[in-house]
2 protein chains.
Amino acid sequence: MVSMKDIAKKCGVSVATVSKALNGYSDIGKEKREEIKRCAEEMGYFPNSSARALKTNRTWNLGILITDNLHSGLTHSYFAAILDAIKVTAERRGYDITFTSMSPVGGRKMSYYEHCRYRGLDGVVIANIDFTSPDIIELVKSPLPIVTIDYVFDGRTAIVSNNQKGMRELTEYVFSMGHRQIAYIHGDDNTVTKERLASFYRTAEAYGVTVPDKWVLPSRYRDVGMTERRTRELLSQDSLPTCIFFPDDFSAVGGMNAIRSAGLRIPEDISVCGYDGIPIAFAMYPRLTTLRQDTATVGKIAAEKLISLIENPKIALIEKISVDGELVKGDTVRRMQPS
Amino acid sequence: MVSMKDIAKKCGVSVATVSKALNGYSDIGKEKREEIKRCAEEMGYFPNSSARALKTNRTWNLGILITDNLHSGLTHSYFAAILDAIKVTAERRGYDITFTSMSPVGGRKMSYYEHCRYRGLDGVVIANIDFTSPDIIELVKSPLPIVTIDYVFDGRTAIVSNNQKGMRELTEYVFSMGHRQIAYIHGDDNTVTKERLASFYRTAEAYGVTVPDKWVLPSRYRDVGMTERRTRELLSQDSLPTCIFFPDDFSAVGGMNAIRSAGLRIPEDISVCGYDGIPIAFAMYPRLTTLRQDTATVGKIAAEKLISLIENPKIALIEKISVDGELVKGDTVRRMQPS
DNA sequence: ACAGGTCTTGAAAACGTTTTCGTAACTATA
DNA sequence: TATAGTTACGAAAACGTTTTCAAGACCTGT
């Protein structure tokens, strides 16, 4: 491995001079700088990030905390898409991405925060995780630059998909299509769900519609089986809604199966909506009516805000940023005839 | 940040002693070792990975190269699942995962290999990438421990999903259901596709069936639109197959749309198969007949082999490991009546 | 010719570890 | 008691950088 020392020797200068020439300091003569740069290139020199980090306390490395209890959030297409955007943006700014776990190193378990210190990460993005766990709290309370996704901590920058507006748009669309009997099979009990539910109720109220409790059933995100069962329960009631909202696009597939095996057609007999806008929603037939969350923007902003928190700790603002989604009308909500 | 120096001062010993006590060297007295360990714990000491890496040339960090030309492979559920398994396995063994890109650092573009050197990665997993690009070739020819996924390089360990066997099983199943007219709309022209195609032809031949060229059409993996168009073309021919193979489960959705909008039912009028076994395949109705690739095992073995390559460079074998998938019968292939 | 200024450069310390080698103090053996 | 062997510890160098500070070289204007 060729180091600055080798370049210094070859060029007949000191290591300090090489360092400064390569890092663009102004106090190195033009010809000398050129020569050193050429030398470095020729010899295939590359800096050693460990040595640099040791000296500067900057690793140009961002941590990602995206593991949920079951699995890593990678198989969750919403978070995978966000991670993708974070990665692209970070790389463009010269940062790498490292996963942050609680794995044991050298025999001793490390907390998330300890792990981040160990690796010297410049900052961390936290997403799709149990935000109430003590380990996360410790990390959030630490002095590390941090950005959270879809969850807000006091005094920390957060990027959230605008569930309130999204749900409102989706609900308004359904109302505008003439529906008045709407059921909502919703996801796990967390802040995202609370926001969507609240927005759902508020919008219905604005239309003067009261949603009966029996039409609001709990399921879980991405749980096809449970959503299918809940849908079956719903369909066994004596009065049926004309439209059903599902927790997300994926679980909606389960719900739609339940509907079809009950002999009902979508959307002729019953309309449905998903949430997320995952690729399959655009591909399926009929195209699913849903609200596409703007994962690309969420990820991009998360990375940008984190980096500005790192690079301008004085100036950077602590913000809560809402990213709007986009209504995808699709074909699973039919227009009701005015009765 | 508390360092070994602080512990040494507090315990009245030298830094060397602290280092050895913490790393379990045998030449430190039992009581002293205990005291030092206790001290370290109390003071909240954690090692500095940069300093350690600088000295030992080991980072306990694995690189992942999974970016394809369009986007990062993260949104590709097959690779996301593999990455997930790699991550879990690596973490269990004390390694972290860092993405390896070609981003510019310090103004200069780096090749993949340069990037790996820069970060001091102990090894790299390469997947879902253009294996013919010069940058990849450079990396593969480098002295770095490397494992490739679904592509074989000479003298390098590779983990491949057993496409040959998988396609054979799928084809045999379809034949066993009485089908003799089978079409194959296949994916991009790469080694995976070649293997599947070859296996498809070979199996058909074993059943004494010749597949007409007009029934073997090129599409692209995960391309719903193109697969839908190709399917339409296929359906416009005057003689129709009784079963269609699609590039993968995702694009199969497009194909199925084409079939249905031609007024044909699945599987009553025409049978279909996907490939991959992504979650949606199990959720859709009717359940898709497909071949589930064992992503968990592929990822796990990839990580394990890479780590043994790193830790036992002398002993570790260069291998080509085939991971079998599993036939998922589903409900999209109907049993043909013997005519 | 000299003071003061501007450009260039290098010596050296520091970052936090690991590891080699030396040595002092014991312990066992003859 | 002298010798050899063992055990426990520390001094110091090294890894590859960055950065401060001093200083030499070269001007400029008086």
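As the structure is a computational prediction, the values presented were derived from the model and not from experiment. We name chains A, B, ... by the order of the sequence lines, and we start the count at 1 in each one.
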Item to check | Rounded to 10 degrees, the angle between the two terminal axes of the helix from C/dA1-D/dT30 to C/dA30-D/dT1, each from five pairs | outcome: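 Answer for the end axes of this duplex: 50°.
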Item to check | Rounded distance (Å) that lies between atom P of D/dG10 and atom NZ of B/K5 | outcome: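 Rounded to whole Å, this separation is 16 Å.
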Item to check | Where chain B begins and ends its contact with DNA chain C, read 5' to 3' at 4.0 Å from heavy atoms | outcome: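 Span of nucleotides near chain B: C/dC15 to C/dT20.
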Item to check | Earlier contact from the 5' end, DNA chain C, for B/T17 and B/N48 | outcome: B/N48
Checklist entry - Of all residues at least two apart in sequence or in a different chain, which pass the salt bridge (Lys or Arg N to Asp or Glu O under 4.0 Å) check with A/E304? => result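 Residues passing salt bridge (Lys or Arg N to Asp or Glu O under 4.0 Å) with A/E304: A/K300.
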Does [X] reach a base, just sugar-phosphate, or nothing at all? Heavy atoms under 4.0 Å.
X: A/N57; result: nothing
X: A/K20; result: base
X: A/S19; result: base

Checklist entry - Pairs in or reaching into residues 135-157 of chain B: which pass ring-ring contact (aromatic ring centres under 6.0 Å, His included), with residues at least two apart or in two chains? => result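 Non-adjacent pairs meeting ring-ring contact (aromatic ring centres under 6.0 Å, His included): B/F131-B/Y151, B/F131-B/F153, B/Y151-B/F153.
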Checklist entry - Under a 4.0 Å heavy-atom cut-off, which of residues 27-35 of chain A touch DNA chain D? => result none
Item to check | 5'-most by nearest nucleotide on DNA chain D - B/T56 or A/K55 | outcome: B/T56
Next on the checklist: Does anything in residues 7-29 of chain B form a salt bridge (charged side-chain N to carboxylate O under 4.0 Å, His left out)? List the pairs, not counting sequence neighbours.
Outcome noted: B/K20-B/D27
